[in-house]
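Quick note on labels: first sequence line is chain A, next is B, and so on, each numbered from 1.
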2 protein chains.
Amino acid sequence: MPKATFFNLKEEKKQILIDAAKQEFSRNSLYDASISNILKTAGIPRGSFYQYFEDKEDAFFYLLNEHAKERHENLISNLKKFEGDLFKAISEIFRSTLEHSEDTGQRDFIRNVLLNMNYKIENTFSQYLSDDVANERYDDIYDLVNVEQLNVSNRKEMFHVVQIISAVTFHNLIHSVSNNLSISDAMRKYETELGLLKSGLLRSSS
Amino acid sequence: MPKATFFNLKEEKKQILIDAAKQEFSRNSLYDASISNILKTAGIPRGSFYQYFEDKEDAFFYLLNEHAKERHENLISNLKKFEGDLFKAISEIFRSTLEHSEDTGQRDFIRNVLLNMNYKIENTFSQYLSDDVANERYDDIYDLVNVEQLNVSNRKEMFHVVQIISAVTFHNLIHSVSNNLSISDAMRKYETELGLLKSGLLRSSS
DNA sequence: CTTGACTTGTGACACAGTGTCACATATAGT
DNA sequence: ACTATATGTGACACTGTGTCACAAGTCAAG
């Protein structure tokens, strides 16, 4: 988490910082990015950066978390819109994440994040989705899902369903971005795989 | 790829290099690892390292690729053993990867690799599995799989099945390692999710 | 042997980035 | 105006990278 000093900053300066950081993390992975570049872009002295953030990671995960919050809101509203159909809702998130990554400034940030996705980064993304079975914080999601639709008998089993769907979703997001698939190609592949997930990988006659 | 000079090295010295590199990559992620530490451990001068490898990544991916080759052999033999049952074969790979990561020296290397897995690293792992539909290099795998068992009508669709299974498998591997699950707990979760994959996430009565 | 062509080894060096710290400056409450 | 507290600043020590000119080995041909 950024330090209090950062949040105390007047909106304008805070935005300059955010823009500069986002620019750097759009051009480079978390590990290749340099604080020095952010300083240069934002036009602030070295010491200041450390007044606001612990380090590079701190700034990165702040940006990422802000983004994840938006996605979460997105999912909630999609679940409502599609009356608890988890597949339709998640599919819309998939599309809008890809479309989002065609946007103006955001574009390369999300692209870069996906390309350099690791466990910690994925967790920041999906912390709003399913942290743990035991954790009750995600009731808002779980309660919205139409469980009747799913091949599960309790919330614990639903945890596994969410795990599977998010594994396949991330895999597809990353694959799409790193192979520069068009949105329609990406959607086609993703929908195909969601279809297989729904009906099962085993031939039912066997 | 390491340079020719590296492969020309006498076995003994080559092994010292490998051990030193593996040690460093067991303690640190690819990005936190330092060449300087490898030099210190191996007792070679700085210039020498660059005779053998392009850079840190080069050494890392050499080690990783060697490991991936073993896994590949493993999969082939498991497919034969289980008469083309993809699920049984992959499940054994899953178990042996976890067991492998309990081993002596290997232990933390694989652990570390999994914890810092990103797209490029995952690709090194699965390059032997399914690079692309069009690619014919993987016939040895595809031909061994009992396709009758699967809910697909052609090789192209089987590509998606492999994609899904590997997404879920990696996700479980990483989850197990980063949450320090016991092997039996990890297997239980993984088998549960494989079961869901087989029968489908949708309630069949719907 | 010994000469020369080629391969391999070596570590000092220039460069780039990090995080810190002592000091400077601003802001607000009394 | 005074003081306490928060914020700004950039020089500095430190760590690590990749390169380069030179040293040392190897080996085949004369």
*Which of the following nucleotides, D:dT17, D:dG8, C:dT18, is nearest to the side chain of A:Leu9?*
D:dG8
_Atom pair distance, as rounded to whole Å: NZ in B:Lys14 and P in C:dG9_ = 13 Å
*Which part of the nucleic acid, if any, lies within reach of A:Lys40 when heavy atoms closer than 4.0 Å are counted: base, sugar-phosphate only, or nothing?*
nothing
*NA contact type, A:Tyr52, heavy-atom cut-off 4.0 Å: base, sugar-phosphate, or nothing?*
sugar-phosphate
*To the nearest angstrom, how far is A:Lys10 atom NZ from C:dA26 atom P?*
12 Å
*asked:* I need the CD1-C1' distance between A:Ile38 and C:dG19, as an integer number of Å.
replied: 14 Å
*N/O (side chain, B:Lys13) to phosphate O (OP1/OP2, C:dG9) under 4.0 Å*: yes
_Looking at C:dT18, I'd like to know if its phosphate oxygens (OP1 or OP2) sit under 4.0 Å from a side-chain N or O belonging to A:Ser36._
yes
_Quick check for you: among C:dT10, D:dG18, D:dT9, whose closest atom lies nearest to any side-chain atom of B:Gln51?_
C:dT10
*Using atom CZ of A:Phe53 as one end and atom P of C:dT20 as the other, report the distance to the nearest whole Å.*
16 Å
*Does a nitrogen or oxygen in the side chain of A:Arg46 sit under 4.0 Å from OP1 or OP2 of C:dT18?*
yes
*Any idea which of D:dG16, C:dG11, D:dG18 is nearest the B:Pro45 side chain?*
C:dG11
_Measure CG/A:Leu39 against P/C:dA16 and give the value in whole Å, please._
16 Å
_Ring centres under 6.0 angstrom apart (B:Tyr62, B:Phe6)_ = yes
*How is A:Lys3 classified with respect to the nucleic acid when contacts are heavy atoms under 4.0 Å: base, sugar-phosphate, or nothing?*
nothing
*Looking at B:Phe87, is B:Lys198 sitting on its ring face, NZ or CZ under 6.0 Å from the six-membered ring centre and within 45 degrees of the normal?*
yes
*asked:* Expressed as a whole number of angstroms, how long is the span from B:Glu57:CD to D:dT17:P?
replied: 13 Å
_Check this for me, if you would: do A:Asp19 and A:Lys22 make a salt bridge, where the nitrogen-to-carboxylate-oxygen distance has to be below 4.0 angstrom?_
no
*If only side-chain N and O atoms of A:Asn8 are considered, is one of them under 4.0 Å from the OP1 or OP2 phosphate oxygen of D:dT7?*
yes
_Need to verify one output field. Residue with the more 5' nearest nucleotide on DNA chain C, B:Gly47 or B:Thr5?_
B:Thr5
*To the nearest Å, how far apart are A:Leu17 CG and D:dT7 P?*
14 Å
*Could you tell me whether the side chains of B:Thr169 and B:Tyr190 share a donor-acceptor contact shorter than 3.5 Å?*
yes
_With no hydrogens and no angle check, just 3.5 Å: does a side-chain donor-acceptor pair link A:Asn78 and A:Lys88?_
no
*Rounded to the nearest angstrom, tell me the gap between atom CD in B:Glu54 and atom P in D:dT19.*
9 Å
